[in-house]
Structure formats: structure tokens, C-alpha cells
Participant: 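Got a structure for you, written out below as C-alpha cells; questions coming shortly.
Proteins come first, then strands; the chains are lettered A, B, ... in the order of their sequence lines, and each starts at number 1.
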Amino acid sequence: MDLNFLTIKAARSALDNGEISSLAITEACLNQIKTKDGQIKACLLVDETGALKAAKEADRRLAQGDRSPLLGIPYLVKDLIMTKGLKTTAASKILEHYHAPYDATVISRLKEAGAVLLAKTNLDEFAHGASTENSAFQITCNPWDLERVPGGSSGGSSAALAAGMGLFSLGSDTGGSIRQPASFCNLFGFKPSYGRVSRFGLLSMTSSTDVIGPFCRSSEDLAMVMSVISGQDKRDANTIQDDQINYSSLLKTKRLKLRIGVVSEHFSEALDRRIKASLMETLKELEKAGHDIIEINLAANEYSIPVYYIITPSELSSNLARFNGLAWARSGLEASDLQSFYKKHRGQGFGPEVKRRIMLGTFALSGGYNDAYYKQAQAVREMIRLDYQHAFSKVDLIISPTTPHVAFKIGSQVNNPLAMYLEDTYLSGASLAGLPAVSIPGGFLLESGKDLPFGFQLIGPATRDDLVLQGASILEKINNYNERRP
Amino acid sequence: MKFSHEDIKEIAELARLELSPEELFLYGKQLSEITDYIEKLQSVKISAIEKVSPPLKNVWREDKPEPWDLSENEEALEEADREAGLIKVKRVL
């Protein structure tokens, strides 16, 4: 039994029965990192000492009868999330030596639950990207084809889980950064509703769409992680004020009959015909299983990407203004005066994509352009939100491909920022409207002699994370692609 | 939208970014391409939009001081160049 490829559910059962120890699973994962990560380069930092300590502590708690859902389960986390005492770099030179002075809320919750933190994973610098190629430190490879990207910006977390380096991982999704890597790596990737999971300790990108979410090997695993990391937090005033939800027990609800929406605007020439065919097959299976497939329109969908690429750079240009090299992440640069100091520190510390987006955002918010760009984008955003609300009066969930194609080759899109932005075709809408969404394994297709995975996305109404997880569970019964390994 | 060299320099100034001549040229070109694509938003007619309230409410707490562990403050500021409890910065003027 390959302990590092277990689902959380299977590991939980074995741990609770005393068949295996957390130490054994943790060691198997650490070994996998040692064996495979030289090639895959998913991890920026491995905390072997901390992980072994946490595993032994988990085994001690298990021996005393503690049966918490994530007790003793090893995981990896995107290096955009604060982990006290460990380096937190956002894959940027500007934070190369920065040690987090506190734990993000999700990390505190996972520590309390007894999960075992193994490593910090690679990402596009400050989450700016869709391939993880924008990391200032290293390029991560897709375990399914080492010449291809694992997706982004949470590519380190998706590659690591696909390669068996842990039992779940955490990423963040601002415009698709969990869902797209999940699609490229044959994983379940969940983007919670905006406000479902505390953002305290997540380095901010687009404050109005940022969310933290899990990568897992099954929908039940997603529910188990969500039950621990979600919930209101007084340190994040945007968290939804619901009582703590147990997603695992909600998944056990009686058989649902769903109205599933298919969006006509999604089927353009840009979508790989094989992915389209596979989706059509899946729709037939869903109908056979008793669900209704209903065609819907999202007329404002064509504006999602332009809206996203005004709002995102605008908000991040404001969020990154705090990197001044003074009180923390201090710079030793010499300069004659404060302004020159700022410009040099930021000019040298930020990578090209980050600077490009700061420039775009600064422009969109500047005097004379603010109305035409930022305010106009926010108004169109409301139209998009309304579109979804109307759609959800007719359907329970919306289904779509996650990505228009499979993982692309490393280096093939690096010189074309606009092409990279178009990766988000199916993804930005749910982000702008704050809706819960998931990517689940949808199938494989053959390209350059390799079987490459692609995913299907489900989007649900605002705050209905439970419904999206149920949908994922239903789809999972139709396909079992998640059982494949690279 | 066409960005002149001066436009790009001014934006970099506002963003407090020191850019090389190559970067200034490249970003000017790329920003022009990106804004051309984004321009399609200008044609969208915004009529009276039905407001969709997101599921969030304002969260308040009592405005009263709480005891704080000062070692946390110290940890947060330990990287700063300090003098007399203040953070030293370069000459402003």
C-alpha cells in the first residue's frame, strides 16, 4: 500500500484502527519528496523536523483516543500563506528571506486539528500567473508530462499532490488558480465561496476575489478538509457569519435530483473538440442517472476576462504598495533618498509579471482613467453577478470544462501575457461573483504520446459550497479518473 | 490604447518602480495590447443595474483596548532599523 497516495478517508480509517501510524505516512511522503522533487520542483521549502514532530504528536493523540478528521494527515501548502517561523516568500525575491511572524488562520486550524505540515509549495510570484512559470525561484513540472506546466498559480500544490508528496494540499484561487492546476493534474480542486475560508494570513492579491482552498484526491476528502479550514474568523471581517459546517455529513444527504446548467457561450472554437466530446458524454451519463440538463445563457460571460484584468491589477497594485523594504522584508539597498530607495527596492525585488500588473493597475486607478476603467469594470461585474443569480433560479449547478485544453508546454506562452490571461475563460466568472466552484477529473487525452488529464468544473450559487461538493460527489461516481497515477 | 514613453514613465513613477529602458519599452507595448483587449468593456451599456447584495454583513466589535503580548510587537518589528522606538528611513526631502 503506497501510504503517500492514500485518500484522507482511507488514511483516517487506517489510523483510527491502529493499522498505520501518522509517522509512517509522513515518512512515506517525505521520502517521495526526496525521490521525486529534484525532478518536479514543486517544493520551495521542506520542514522535515517540524513534520516529524507533528506526526509523533498526532500518534500520541491517536493513542489517547482522539479521532479528529485530519489528525495525523500530512499536507503541503502554497507559499503564499503565512506559516509561523517558516519562510513565506510568495515565490518572490522581495520576500526571499522573510520568515512569517504568525500563522494564517487556516494553518492554526489545521495545527489544532493535528494535520502534519510537510512543505511550502511553488507558485507564480504573488499568485500572478496561470502556469507557475512566473516563480522567481524555480519552474515546477507537471508529473503527467515533465515538459508541461502543472498549471498556476497554485502549480506547486497541484504537482506535489499528483506526485504523491502528501495527502492533500492548499492553494489559493483568485481567478482560477486552484481549479486550473487541478484540471491539468487530475485532481479535485475546490474554490470555496468568497468569505467561506478566512483570508487572514494569505498574502493579498485581489482582495475582492481571493480565496484559500484544498486540492484532494476525492470529493469526500475535499469535504473533510473544508470542515476544518472553513468558518467565520474575527480576524477576517469578510468571512461568512455561518456556524461551523460539517461538509462530510452533508455529503451523506439522500440522493439528489439536480438541474444542471450548460452554458451555450462556453462552446467556442477555442475548446478542444475531444474535451467537448467528453463533456457531452458526461452529460448523457448525468441524464441517465436521473438529473436534468438545461441549456442556459450567461450573456455577460464574454466580459469576465476583461473585467477580471482590470479589477485584479487595480486591487493588487494597491495591495503590493506595502512592500517598501522598511519595517519587514527589509532591504539593504543603498539610495540617496526615500523615493529612490522605494523604486530601486521594488524594481529589483518584483518580477516582470508582477511589475506589469502593478503598472496596469496603477494606470486603471489613476486620475482621468479611474472612471473609464475601474468603475466601469465594477459595474460590468455586477452584471456578471446578476447573470449567475438569474441562472441559479433555473438550475442548481452549472457545468463546464475547467480549461479549454490540457496542460501546455513549459515556455510556450511565456512571451504572450494576453494568451496567458485567456486561460481563465471558464474560471473568472465564478471568482468575480464570489461563487463556490470545483474542478474534478474529467478524463484524459493523448498528446505528444502522453495521456494528459483535463477537468470539468461545477459552479454553485453563492454560499452553497455544500451543493457544489455534492455535485462533485455525483460526478465522481460517473468517472473514476482520479484513481490513475502519473 | 497607445502608451507613450512619457506615459509609461509616469505610471512607473506613481507605482514607485524603477524600470530599465528595455522594461519601459516592453511594458509600454504589452500594456497597449492588454488595454486594447480590455477596451471592449467601454461599449457595454450600464443601465440601471439591479443591485445584487453579496452574502456579507458589516462586522463590528467594541472599540475598547485589549491587553497585548508585547513580544509579538517586538517580533513583528525586529527586522526594522530602529532608533528610540521609531523606524529609521532614508532622507525624505
Participant: For B:Ala76, which atoms come within 4.5 Å of any heavy atom of chain A: side chain, backbone, both, or neither?
Facilitator: backbone
Participant: Identify the residues of residues 14-24 of chain B whose heavy atoms come closer than 4.5 Å to a heavy atom of chain A, ordered by number, or report 'none'.
Facilitator: B:Leu14, B:Ala15, B:Arg16, B:Leu17, B:Glu18, B:Leu19, B:Glu23
Participant: Taking the side chain as every heavy atom from C-beta outward, state whether A:His390 and A:Leu386 have any atom pair closer than 4.5 Å.
Facilitator: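 When only atoms from C-beta onward are counted, A:Leu386 and A:His390 do touch, with a gap below 4.5 Å.
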Participant: Is any side-chain heavy atom of A:Gln378 less than 4.5 Å from a side-chain heavy atom of A:Ile310?
Facilitator: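 No. Closest side-chain heavy atoms not under 4.5 Å.
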Participant: Let's test your reading of the structure: which of A:Gly195, A:Ser317, A:Ala329 forms the most heavy-atom pairs below 4.5 Å with chain B?
Facilitator: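 Counting heavy-atom pairs under 4.5 Å, the top option is A:Ala329.
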Participant: When you compare the side chain of B:Ile8 with that of B:Leu31, does any pair of heavy atoms fall below 4.5 Å?
Facilitator: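 A side-chain contact exists here, since the closest heavy-atom pair is under 4.5 Å.
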Participant: Is it the side chain or the backbone of B:Gln42 that comes within 4.5 Å of chain A heavy atoms, both, or neither?
Facilitator: both
Participant: Which bit of B:Glu39 comes within less than 4.5 Å of chain A, counting heavy atoms only: side chain, backbone, both or neither?
Facilitator: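 Side chain of B:Glu39 only, per the 4.5 Å heavy-atom cut-off to chain A.
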Participant: Please flag which part of A:Ala364 lies under 4.5 Å from any non-hydrogen atom of chain B: side chain, backbone, both or neither.
Facilitator: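 The answer is neither part of A:Ala364.
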Participant: Rounded to the nearest 0.5 Å, what separates atom OG1 in A:Thr312 from atom CE in A:Met205?
Facilitator: 5.5 Å
Participant: Rounded to the nearest 0.5 Å, what separation is found between the CG atom of A:Leu316 and the OG1 atom of A:Thr362?
Facilitator: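 The distance works out to 8.5 Å.
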Participant: List for me each residue that meets side-chain hydrogen bond (donor to acceptor under 3.5 Å, both in side chains) alongside A:Asp103, sequence neighbours excluded, and say none if there are none.
Facilitator: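 So A:Asp103 forms a side-chain hydrogen bond (donor to acceptor under 3.5 Å, both in side chains) with A:Lys111.
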Participant: Would you mind checking which part of A:Leu333 comes under 4.5 Å of any heavy atom in chain B, side chain (CB onward), backbone (N, CA, C, O), both or neither?
Facilitator: backbone
Participant: For A:Glu125, is there an ion pair with A:Arg357 - N to carboxylate O distance below 4.0 angstrom?
Facilitator: no
Participant: Which residues, numbered in order, of residues 59-69 of chain B come under 4.5 angstrom of chain A by heavy-atom distance?
Facilitator: B:Val59
Participant: Using side-chain heavy atoms (C-beta onward) and a distance below 4.5 Å, is A:Asn297 in contact with A:Asp387?
Facilitator: no
Participant: Under a 4.5 Å heavy-atom cutoff, which of A:Ala433, A:Gly325, A:Ala335 has the most pairs with chain B?
Facilitator: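 The option with the most such pairs is A:Ala335.
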Participant: Restricting to salt bridge (Lys or Arg N to Asp or Glu O under 4.0 Å), what partner residues turn up for A:Lys343, sequence neighbours left out?
Facilitator: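 Once residues adjacent in sequence are excluded, the partners of A:Lys343 under the salt bridge (Lys or Arg N to Asp or Glu O under 4.0 Å) criterion are B:Glu13.
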